[in-house]
Every structure is written in structure tokens, then in C-alpha cells.
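Each chain gets a letter, A, B and so on, in the order its sequence line appears, and its residues count up from 1.
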There are 4 protein chains.
Amino acid sequence: MARPQDPRAKIELLKAAEAVFVEHGLERARVEEITTRAGRSKGSFYLHFSSKEEAFRQIVETLVARLGSFVDEPPPPGPVDLEVLLRRQLERSIETFEFLWMNRGVVGLLMSGGGSAEFGYLIVELEQQYRQMIERWLRWGMAQGIYRNDMDADLISLALAGAYDSLARRVVKETKRPDLRGMLLEMERFVAHAVGTPEYIAQFDSMVNNLERKRNS
Amino acid sequence: MARPQDPRAKIELLKAAEAVFVEHGLERARVEEITTRAGRSKGSFYLHFSSKEEAFRQIVETLVARLGSFVDEPPPPGPVDLEVLLRRQLERSIETFEFLWMNRGVVGLLMSGGGSAEFGYLIVELEQQYRQMIERWLRWGMAQGIYRNDMDADLISLALAGAYDSLARRVVKETKRPDLRGMLLEMERFVAHAVGTPEYIAQFDSMVNNLERKRNS
Amino acid sequence: MARPQDPRAKIELLKAAEAVFVEHGLERARVEEITTRAGRSKGSFYLHFSSKEEAFRQIVETLVARLGSFVDEPPPPGPVDLEVLLRRQLERSIETFEFLWMNRGVVGLLMSGGGSAEFGYLIVELEQQYRQMIERWLRWGMAQGIYRNDMDADLISLALAGAYDSLARRVVKETKRPDLRGMLLEMERFVAHAVGTPEYIAQFDSMVNNLERKRNS
Amino acid sequence: MARPQDPRAKIELLKAAEAVFVEHGLERARVEEITTRAGRSKGSFYLHFSSKEEAFRQIVETLVARLGSFVDEPPPPGPVDLEVLLRRQLERSIETFEFLWMNRGVVGLLMSGGGSAEFGYLIVELEQQYRQMIERWLRWGMAQGIYRNDMDADLISLALAGAYDSLARRVVKETKRPDLRGMLLEMERFVAHAVGTPEYIAQFDSMVNNLERKRNS
DNA sequence: CATGAATGAGGGTTCATTCAT
DNA sequence: TATGAATGAACCCTCATTCAT
């Protein structure tokens, strides 16, 4: 298949498809509605996608791939500037939620399984990735001595992943952009208390004070 | 005088339907596959359900209703025996997860949205219920002085609900019954640290020790 | 098949079937509606009829057979008392229409073809019978010299049959019993003018006067 | 640029549908048989009709509409050239029966109610129209003094409509085109005798002689 | 490449008929 | 015999995909 003449065609189709998938789910989405919304012919759909599922896969895989890129690894063991780290983490999570918000249509679809059992593995894998990232951070924090040592890292990472997940679900259902920073800072505090040692919790509070001070200046 | 209705008929159909819905989702489930699995004729399905959706609704609503019954309210404000409360909560959550485990097929289907957008509202409502229950517990604990006072109860309840949700998702995907008690006790500890005052956290640990001692004796 | 125990069963089923056929036509009539209305079980239907069509056939054939019995042959050629004849014919046609009125449900069904192409032959045959009877009367009247001699008996009998047919269609659609005698006397007059010689027409009028005088006395 | 719509498609489908409806009636007609006969795919049917009933309606309503256009009104009261009128009426009725003959399939279906109760109202209305037209002619003739004055116009128009109806039923069942002119002229004569004054009847005969003389010259 | 007409497999539902009790 | 639960063939319509133009 040569590159289609009109490069906007595929993009428009993808946009329309996204909307229709979000509205009806993969199964109930009709190809004709997609092409009509894209202002194109029914046949044009098959110049760009080999099937309805293929289009869905492209949309979803693209999103999942980009979501995967937000995964952030803990630094190597050793001394670190915790405040810098905290700021970075906060910024990174804001970015992530910003992205979720911008793509709330498809993300919402994915999170409510709106595709089909067939594509569930994608979201499962993504959740795995995030959970594992969190687990690595947990283990890093435990090794650093800032997190409690008596935790089941596997289970707690699952719980934390779920907590963020549930935040994400709420965000993508909002109609007005929520205060992501406030929300995520509150989450950081929640996490700090949930897993931090008393010393770290104290330190965390002062770090947050610093952050806010700098921010307002 | 007539052939008596086979009392197993509906039950077998429901079981088969459940399995097929879990496997393919509402949309892709074929009535004929359901009846074949139930060892019955295609027409028999319509002796018991007016439509495929109706059968699905029956399965799902039944489950959701029973899940709703696991919601547990906090006691009225005032002095309480925290250890008794903890034990009760633990038992109640074990029961709940036991139930999820036993119904892991449909629960998994629901959690992965496998039905259809049409029935999504059920799971949304259920999540609401659980989150609100958690929020009421949070506010109770804050009023009792055992939980930190600087929390956004709405957000934190969402996070905690998500944490449990994610546990539930894992449990229903297991093939062997997990150690629910261990898992949920660990979750209690997680919650205690996440939201408890330092005093309560200390108390919590001793209460857990007590619980375990009594349990092993 | 032995004679059923309950002799009312079949009659009740036939009555119910008639009503349902009239209401929905053969095709759309549901066996279950028939049995329900008859206050019997679905299976009982098949104790009395081998199929839905069979029941329909029985109802319709019975009616058609009885309608066929109203056919009245002209007397042998030779001198006759025309007034007696006229009275007899009038009475006979009133009887016929009385019967149509009493069976207006099924008759209406038949006349509007409500059965199915499959049973159209019955009504066709019946119409044939009536037309032929009329033709025989026509030929008799022509031979007697009371009807015009320049008529195409085949065509005119068809026309007259149609005229009566159309009367019948109207009657069976009425909700209140119409004045059948008046209607049919008017039809006799119509026929007399249509096919009678001027002499017969004059005679007809005086005969009618006589009839009415005797009737009112 | 796309494959142009086959302009014969709808016409062929309509023709096939007509044949199948005539053969089996609306209810028993199978869409697949229609499309097969039209040499097309099952789905093509739905490119042109939204449902089986819709196709039936299109066929029937078209026919009924065209049949309705054959209704011919009497002239305003006053002196008229009866011979011209007679010729015109004869021609008009020949046209009508010609049309019936050409459309004998569907007309036969309609007349035998072969559609379904659902569409019976169409034929009822049509019969009404014709009967009312005849009634208007009757009243006109009575006012002109050429028809007898002692008639029940409502009843006699019904009878005459039935007479023509029955002719029509015969015509559409023929396999070879009947001598419509002869048949209808004979009907005119029948009508003249049935409703005309003795003077008009005499005049009618001479008019017919004139007509035939001119025709043969 | 672009179009949209044409295709036909697929599946939910109905309901006449059968048959175990 | 009477019942009504059970059966399964039948059929309409949808819609993803193909393909002639």
C-alpha cells in the first residue's frame, strides 16, 4: 500500500474513529459513522486500516505506548537530593495526568474496558508497567532507608498503583480540567505517609513547604 | 401433569451464560453458545430470559446487589474498642474478597467493563458506594482523632478505594485462591500508616499483634 | 386419535381460533393465543387439529359448506307462480344474509382474503357456485320469457354475483345489524330492472306491492 | 468515481418483489427469494427498501394511486351529448381495465387481500372512491332524468361497484387478454337497463348502434 | 487513490410443533 | 387425555468488507 495521497485522510479518520469508539465502544462502533464524521467515503477507511479492529488497535497502542513513556525509573542507590527528586516526580506525574486529561476520551474508553476483551491485555500490561515502576521506587526507597522496611513491596505497589489509577479514572471523567497539581501533591503526601518512615514524613513536609515557597515567589 | 419445568434449567443457563459472557463479553456472546454449553436448545433460552441483555442484566444486577450489601458503616462517634472494630473490619473485608473470589468470573468481567457501556453505570455506582463508605470511615476516624486531620477526605477516600479496587482486580484474576487474610491485613496496615496519627499507628501494631496471638492460640 | 374426552374442548378451541384468525389472519395468528383464549393448554390444540392450517381449514370449510347450502336452484321450466317464487327467493336471500351477518367475523376474514393465498381457492369456488346459480336462474328466466333475451348470461351473472358480493362485504363490516330485508328487496328490484323484460318489470312492481301488503297485515 | 448505482437494481427488485408477493403474499414472501429472483444479493434489498413491508407498501401504494387516477367525475348538470358521454365513459373504463390487466399480478394480490390486514385499508379506500364516483354518476343521471328516480343511490352504487369489481377480479385472473371492450360495452348495457328510464334505455340502444357503426367504418 | 454500491455471513428472536410427565 | 416445557427451523436485518468504476 503506497502512502495515501492525502496525508490528512488518515489523521482525520483516526480522530473520527477515536470519537466513535469512545462513544459506542469497539463492538458497536460502525465504520460508516467513522467515515461520515471524517467527511470521507466508506471505502477510504480500508485504504488506511485493514479492519475496524486494526484502527482501534492503532489508536489504543499509540496511546498505550505514549503512556508507557511516562514511566520514570528511580535513580541508582546512593545519596540524592530528595527535594529535587520530589519536584521531578511531581512534575512528571503532573505531565502524565495532563496527558491523560488531554486524551481523556480514549483513556476513559480503555479504563472502562470499552474496547473488548480482545484488547484488555494492553491496559493490563500498562498497569503492570506502572505497578512495577512503583515497586522499583518502593524498593529503592526502602534501600535508601526513607521508606518503611516492613512492607510487602509487591502488594503495596499494587495498592499505590490502584490509588493513582482511581485518580486517573476520576480525572478522565471530569468535564472541566481539575487542579491536577493540587491533587497530585496531596497524593504525594498520602504516599509519603503510607510508606515513609517517620523521619521521611517529617522531611517530606518541610520539602513541600520549600517547594511551595519557591513556587509562589 | 405436564412435563415439570426442569428446575436446573435456569440455573444451568445462567451458569453457562456467565461463562460465555466472561469469555466474550456481552456483545460477542452468542446465545447459541450459551444454550449449547447448558446442554439445551436455543429456544430454551427464551423461556427464561426475554433477551440476551436481560440475562446479562440479571447476572450483573444480582452480583452488584450482593456486592452492595458488603458495605459497612462506621459506628456512631464516641468511645469504641478499636481492637474489636479492627477485627470486625478485617473479617468483613475478608468476607467481601471471599465473595469476589467466588464470583471472580463475573466480577472480572465487570471490572474490565466487559459488558457494554450500557451496564457500566452499575460498576460506577458500586465504586461510588464503596468510596463513600470509605469516606465516611475516614471522617469518623478524623473525628475520633485516630486519623490525621490534614487530609482531603474526598481525595484520600478515592485513593483508598482505588487501592482496594486494584487488589480486587488482582484477586479475581488469580487461578489459585490467594491468602486473602494476609493480603487484607497488610492492606489494613497500609491504610493505618497512610491515614493514622502516629499514636494510632503504634496502637494499630499492638492490636495486630494481639489479633495474631489470639488467632494462633 | 380417539375422540377427546371433553367434547366442549374442540368447540371452544374452534371459537377461539375463529376469533384469533379474524383478528390477525391465519399467518399472524398464534396458536398460544388461541389456546389461551379457549382457556386450554397449548398442547390441547394438537389433540384436535393437526396444525394451525388444519384448524383454519376446518373453520373455513365448514362455513363455505354451509354457505354453499344456501344455493337455490331455479324450478324446472314451465308455468310458475312468480309471486310465490319471488317471496321464496327473497326469504332465501334474507336467510343467507342473516347467516353472513351472524358469521360476519369469518366471512369478513374470508372476503378480505385474510387467510392466505393457500385458502383463496375456497372463496373462489364459492363465488363460482353462486355465480353459476345466478346464471342458471338467468337462463331459466330467459327461457321463461321474463328476462331479456339479448344478455350474455355468463357476464351478467358475474355482474350480479359481484353486486351481491359487494352487499355482503358491506353487511359483514357493519357493527349493527342492518335492515337486511329492505336492502335485499331493493336488490331484487335492481335485478328485475337489470335483466327483466318491460312486462316482467311491471309485474315485479305489483308483486312487490302485494308482498308488502300481506306483510303488513 | 465510485461504482455507479445500477439503475436497473431497484426496478428489478420491485419486479421480483411483486412476483414473490403475488405468489406468496406479504407474510410468506422471503426477502431472499426476492433478491435471488432479481439476481442480486440479499443485502441489496436493503439498499433500496428499509424493510419488506416498505417494499410492499411502495408497490401497493403506487398501484392504488394510479388506480385512483382513473376515477372520472360526471359533468355538471345541464344538457349534454349523451353519445359523446357514453363513448368517453366506455373508453375510460376500457383504459381502466387495460390497466388492471397489465397490472393483474398485484391487482389480483390486492383483490384477494394477499397483502395483510395492515394494507387492507388501501383497497377499502379505493373501493370507496369508485363507489362514490358511481354514486355521483347515479345522482347526476337521476337529476338529468335519464335514470330512474326511485333508487337508493347508496345501495345501487354499491351494487354497481360490486358488479365492476367482480369483472375486474375475473379479468386479472385470466391468462389471455379478454375482449375488454365487448365485456365493458355489455356492462354499460347492463347498467343502462338496471338504472335507466325506459326512454333512456331505448336511446342507449340506438347510441350503441351508432357507436358500433362508426367504429366499423 | 477515492468512492460508495454491492455482497453475504452472521445471529437474535419467534413460534409451530413435539413429547415427557 | 391433558399439560406446558422444550425444541429447532426459519427469517429478517445489520454491517464489515470487497470491488467495479
Taking [atom1] from [X] and [atom2] from [N], how many angstroms apart are they, rounded to a whole number?
{"X": "A:Lys52", "N": "E:dG10", "atom1": "NZ", "atom2": "C1'", "result": "14 Å"}
{"X": "B:Gln5", "N": "E:dA20", "atom1": "CD", "atom2": "P", "result": "17 Å"}
{"X": "D:Glu53", "N": "F:dC11", "atom1": "CD", "atom2": "P", "result": "14 Å"}
{"X": "B:Glu54", "N": "E:dT13", "atom1": "CD", "atom2": "C1'", "result": "14 Å"}
{"X": "C:Lys10", "N": "F:dT1", "atom1": "NZ", "atom2": "P", "result": "13 Å"}
{"X": "D:Asp6", "N": "F:dC19", "atom1": "CG", "atom2": "P", "result": "18 Å"}
{"X": "C:Arg8", "N": "F:dT1", "atom1": "CZ", "atom2": "P", "result": "17 Å"}
{"X": "C:His48", "N": "F:dT3", "atom1": "NE2", "atom2": "C1'", "result": "12 Å"}

Query raised in the report: Mapping B:Ser44 and C:Ser44 to their closest nucleotides on DNA chain F, which lands nearer the 5' end?
Result: C:Ser44
**Report entry** side chain to side chain donor-acceptor pair (under 3.5 Å) against C:Lys52, all qualifying residues, sequence neighbours excluded
**Finding:**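 Applying side chain to side chain donor-acceptor pair (under 3.5 Å) to C:Lys52 gives none.
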Query raised in the report: Residues two or more places apart in sequence or in another chain: which of them pass side chain to side chain donor-acceptor pair (under 3.5 Å) with C:Glu125?
Result: none
Locate the shortest heavy-atom distance separating [X] from [Y]; write the atom from each residue and the value.
{"X": "A:His24", "Y": "A:Ala29", "value": "CB-N, 3.9 Å"}
{"X": "B:Phe45", "Y": "B:Ala55", "value": "CZ-CB, 3.6 Å"}
{"X": "C:Phe21", "Y": "C:Leu109", "value": "O-CD1, 3.5 Å"}

Query raised in the report: Mind pulling the stems DNA chain F is in, i.e. runs of at least three Watson-Crick or G-U pairs, everything under 3.5 Å?
Result: E:2-21 with F:2-21
Query raised in the report: With a 4.0 Å cut-off, would you call C:Glu33 and C:Arg37 a salt bridge?
Result: yes
Query raised in the report: Between D:Phe45 and B:Ser50, which is nearer to the 5' end of DNA chain E once each is assigned its nearest nucleotide?
Result: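 With B:Ser50 and D:Phe45 compared, the 5'-side residue is D:Phe45.
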Query raised in the report: Which comes earlier along DNA chain E counting from the 5' end, the contact point of B:Tyr46 or that of D:Ala9, where each point is its nearest nucleotide?
Result: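 Taking each residue's closest nucleotide, the earlier one in sequence belongs to D:Ala9.
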Requested in this report: Keeping the roles fixed (side chain from C:Arg169, backbone from C:Met111), state whether a donor-acceptor pair exists under 3.5 Å.
Outcome: yes
Using a 3.5 Å cut-off and no angle test, enumerate the donor-acceptor pairs between side-chain atoms of residues 12-19 of chain D and protein atoms at least two apart in sequence or in another chain.
from: D:Glu12; atom 1: OE1; to: D:Arg40; atom 2: NE; distance (Å): 3.3
from: D:Glu12; atom 1: OE1; to: D:Arg40; atom 2: NH2; distance (Å): 3.3

Query raised in the report: Sequence neighbours excluded, which residues qualify as ring pair (Phe, Tyr, Trp, His ring centres under 6.0 Å) partners of D:Tyr46?
Result: none
Requested in this report: Please list residues of residues 11-43 of chain A whose heavy atoms come under 4.0 Å from any atom in DNA chain E, ordered by number; otherwise none.
Outcome: A:Ser41, A:Lys42, A:Gly43
